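Here is the structure we will look at.
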Protein chains: 2
Amino acid sequence: MPTDLADDIRAAGLRVTRGRLEVLELLENAPHSDAESIHGLLRDVDPDISIQSVHNILSALAAAGLVRRIEPARSPARYERRLGDNHHHVVCTECGAIEDVDCVVGHAPCLTPSSTSGFAIATAEVNFWGVCPDCAMVAETPAASPVA
Amino acid sequence: MPTDLADDIRAAGLRVTRGRLEVLELLENAPHSDAESIHGLLRDVDPDISIQSVHNILSALAAAGLVRRIEPARSPARYERRLGDNHHHVVCTECGAIEDVDCVVGHAPCLTPSSTSGFAIATAEVNFWGVCPDCAMVAETPAASPVA
DNA sequence: CGGGTAATCGTGAATGACTCAAAACAACGC
DNA sequence: GCGTTGTTTTGAGTCATTCACGATTACCCG
């Protein structure tokens with residue numbers, strides 16, 4: 001039932017266009033993609049699409065709440081389709097790879113900070129930084145290590 | 001004892017220069033500053049300093065572990081001198097203001113995610129997003145509200 | 001305390017990611 | 001099908017940051 005996407009878009013008050021459908025579909029299969037790689041993948045299907053249109057589409061979808069925009073430090077903005085559940089992310093400090101993390105342990109224990117400096121807290125964002133399996137493997141390979 | 005800063009710099013294996021001392025001193029008084037505002041403040045003392053040098057200094061200090069670089073979404077990188085303690089931040093979604101938050105509540109309850117996808121987690125970053133007192137006040141002022 | 005050397009700074013150009021503007025185009029309601 | 005209005009395209013422009021390289025200066029040494 002891929003046509004549900006069209007309904008989602010319409011329900012958000014947006015017009016259904018080819019690009020938007022393709023972006024949404026693509027994000028199902030390749031979550032945490034940035035604008036550039038989305039553009040690259042999109043060109044396979046629609047060679048004439050421009051990078052600006054991708055930005056356009058993504059910000060429209062993000063504003064409509066159909067995708068979530070995440071911006072890890074030292075990385076271009078990435079987008080994902082998992083919404084609603086307030087899950088978090090692990091980011092690889094080596095290659096920038098991102099995976100989802102369900103914050104299973106205690107819903108929001110540290111999400112209620114003690115001193116909020118008077119801020120009206122709306123959301124809490126948690127990012128874990130570490131090394132992904134692939135990069136860890138490369139680092140452990142003796143031949144590949146420059147420092148012996 | 002402001003000269004301690006010089007020792008800190010030396011201890012990190014860096015040469016002690018005027019700019020570096022000034023940046024460190026400045027960050028004590030104005031934490032969470034971005035490169036541009038640091039540059040502006042620095043010019044009061046050293047009018048000839050360039051923005052590139054500020055970037056240079058900041059990345060050297062950050063690489064040496066003397067300052068911490070934080071990069072909230074939709075905001076230029078900011079720098080702070082509080083190190084060691086793993087505190088977090090509240091960011092105002094309206095004006096971008098940042099305040100420190102001591103994660104007093106439970107040291108790392110959600111900092112041990114269940115499924116790490118094989119990542120070797122090194123650090124956890126927590127950002128709270130909300131509205132700061134100043135912006136909240138503006139929003140509540142009827143006259144200032146454009147949507148009535 | 002002066003000299004040599006390599007780190008650091010200044011100048012200027014360049015990059016990456018994204019935004020803005022206006023004209024061409026296409027979705028949707030009729 | 002037709003018109004309205006939201007989208008995309010094209011192209012330029014912005015912002016924060018990085019790169020390159022000659023000029024400068026901090027620090028080690030004698």
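A note on names: the letters A, B, ... follow the listed sequences, proteins ahead of strands, and every chain is numbered from 1. What you see is a predicted model; the values in this text were computed from it and never measured.
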* Asked: For the pair made of CD1 in A:Ile57 and C1' in D:dT8, what is the distance, rounded to whole Å?
  -> 8 Å
* Rounded to whole angstroms, how far apart are CD1 on A:Ile9 and C1' on D:dT7? -> 12 Å
* To do: Provide the full list of side-chain hydrogen bond (donor to acceptor under 3.5 Å, both in side chains) pairs with a residue in residues 39-50 of chain A, sequence neighbours left out, each pair given once.
  => A:Ser50-A:Ser53
* Would you say D:dT8 has OP1 or OP2 under 4.0 Å from some side-chain N or O of A:Arg20? -> yes
* Reading nucleotides 18-23 of chain C 5' to 3', which nucleotides get B (base under 4.0 Å from a protein heavy atom), which S (sugar-phosphate only), which -? -> BB----
* Is there a donor-acceptor pair under 3.5 Å between the side chain of A:Ser59 and the backbone N or O of A:His55? -> yes
* Could you name each residue pair satisfying salt bridge (Lys or Arg N to Asp or Glu O under 4.0 Å) that touches residues 56-76 of chain B, not counting sequence neighbours? => A:Glu71-B:Arg74, A:Arg74-B:Glu71, B:Arg68-B:Glu80, B:Arg69-B:Glu71
* To do: Could you state the atom-to-atom distance from CG of A:Leu21 to C1' of D:dT8 in whole Å?
  => 15 Å
* **Residues in ring-ring contact (aromatic ring centres under 6.0 Å, His included) contact with B:His32, at least two apart in sequence or another chain** => B:His89
* Structure fact -> Rounded to whole Å, NE2 of A:His39 lies from P of D:dT10 at a distance of 10 Å
All N/O contacts under 3.5 Å from nucleotides 27-30 of chain D to the protein, with atom names and distances to one decimal?
from: D:dC27; atom 1: OP1; to: B:Val16; atom 2: N; distance (Å): 2.6

* Rounding to a whole Å, what distance do you find between A:Asn56:CG and C:dA17:P? -> 18 Å
* Rounded to the Å, how far apart are A:Asp48 CG and C:dA26 P? -> 11 Å
* To do: Take the protein atom CZ of B:Arg18 and the nucleotide atom P of D:dT24, then report the distance between them rounded to whole Å.
  => 16 Å
* Asked: Which whole-number value in Å describes the distance from A:Ile38 CD1 to D:dT8 P?
  -> 14 Å
* Contacts of B:Asp100 that satisfy salt bridge (charged side-chain N to carboxylate O under 4.0 Å, His left out) - sequence neighbours left out -> B:Arg82
* Under 3.5 Å: donor-acceptor pair, side chain of A:Ser117, backbone of B:Glu99 -> no
